[in-house]
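Here the structure is laid out as C-alpha cells; the discussion comes afterwards.
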Amino acid sequence: MFRVGYFQFEPAFGEVESNLSTVVSALRGAEADIIVLPELPFTGYRFRDRAELAALAEDPARSPGISALVELCRENGFHLATGFAEKAGDRIFNSALIIGPGGIVQTYRKLHLFDAENDYFDPGDRPLETVDIRGLRVGLMICYDWAFPEVARTLALQGADLICHPSNLVLAWGQQAMLTRCLENGVFAITANRTGSDVRPGGTLTFTGRSQLAGPRGELMHRSDERRRELFIAGIDPARARDKRVTPKSDLFEDRRPAFYGALTD
Ligand code: ACM
C-alpha cells in the first residue's frame, strides 16, 4: 500500500511567501508517500499579462520556495507533486514538479494551455513521462489536460499507477471527467484543485475546489467540498492499477487497435 493525498486550499494572488508558509505548516508531520498540491499554488493563477507573470515566475533550480519544499520532503520523508510557474531563460511554463528529499525528480510543462493562459505562458515542449517513486509509477498532468484523453492514456501506457493532476479548475466538468480517465485507463488519479477566487483587473475567476482521489474502476474514493481547506491522505494498492482486465477475456490495453487510430496523430 502507498499513502497518497492532496492539499486543497486558497492561495492568495501574488503572495508567494505566505502561500508557501500555508503549505509548509499544513503538511509538516503528514505521513504520506506523495502529496499533490494545486496548479500554480504559490503565485495564484489569473495574471494581468506576461510581465506580471514574469515577475512572479522562477527558475526552480534557484527558487528559495523549492528549497523549502525539498527540506519539507526531507523532514517528512515524502514526495510532493506541485504546480509551479517555471522560468526557463526567456520562456515561462505552467509546470508541475515532483519534488523529493533529494530535490526535483520530474518536471512536466502543461501541454494544453487554457483560455488566457495562452496570452502569457509558453506551451509545454516536453514529452509526457512517468517516474518511479518508491515503487509507485507516477505521471503528471495539469488541469485542462483532462479534456484531452490522450494525456492520461499516454501516461497509463507508460505504466502510471497514479496520475497526479494539480488543478485550478473553473469549469464544472473536470472532476467528473477524471473519473472516466481513471476508468478507461485503469489508474488512480488525484486532482488537487484550489478554492476561492482570483479577483484581478482582467476579471474574477472562481475555482471549484472538490479535489478528489479516483480509483481504477472510475470510483470516487474521496472528494472535498467546494470551499473548505483540506489535507486528505489515503492508502492505495498499485496492484489494482496494474491489472487492466475488465473480464477474463477483455483487457483495456491488450484490446486496443492502434492501427485504426491514425486520425489521433495525423
Ligand atoms: C485550467 O486549466 N487551469 C482551467
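Sequential numbering from 1 along the given sequence is applied to the chain's residues. Counting starts at 1 for both ligands and their atoms, in listed order. In what follows, every heavy atom counts, from backbone to side chain, and hydrogens, waters and symmetry copies are set aside.
Residue-level proximity to ligand 1 for F114 is carried by the side chain, the only part with a heavy atom below 4.0 angstrom.
More than 12 heavy atoms of other shown residues, nucleotides or ligands fall within 6.0 angstrom of atom CZ in R256.
Every heavy atom of H112 sits 4.0 Å or more from the atoms of ligand 1.
Close contacts of ligand 1 with Y45, meaning ligand atoms under 4.0 Å from a residue heavy atom, involve 1 (C), 3 (N). Numbered from 1 in the order shown, with element, the atoms of ligand 1 that lie under 4.0 Å from a heavy atom of E39 read 1 (C), 3 (N). Set against the non-hydrogen atoms of E117, the atoms of ligand 1 under 4.0 Å away are 1 (C), 2 (O), 3 (N).
With no hydrogens or angles considered, a side-chain donor-acceptor pair links Q175 and T208 at under 3.5 Å.
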Show the atom names and distances, to 0.1 Å, of all donor-acceptor pairs under 3.5 Å that link a side chain in residues 95-107 to residues at least two apart or in another chain.
{"from": "S95", "atom 1": "OG", "to": "E86", "atom 2": "OE1", "distance (Å)": "2.7"}
{"from": "Q106", "atom 1": "NE2", "to": "E129", "atom 2": "O", "distance (Å)": "3.3"}

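The protein heavy-atom contact nearest to atom 2 (O) of ligand 1 is K110 NZ, 2.7 Å. For atom 1 (C) of ligand 1, the closest non-hydrogen atom on the protein side is C143 SG, 2.9 Å.
Salt bridge annotation for E150-R153: absent, with no cationic side-chain nitrogen under 4.0 angstrom from a carboxylate oxygen. We find that R46 and D115 are not joined by a salt bridge, their nearest charged nitrogen and carboxylate oxygen being 4.0 Å or further apart.
In this structure, R200 is positioned above the aromatic face of F13, its NZ or CZ under 6.0 Å from the six-membered ring centre and within 45° of the axis.
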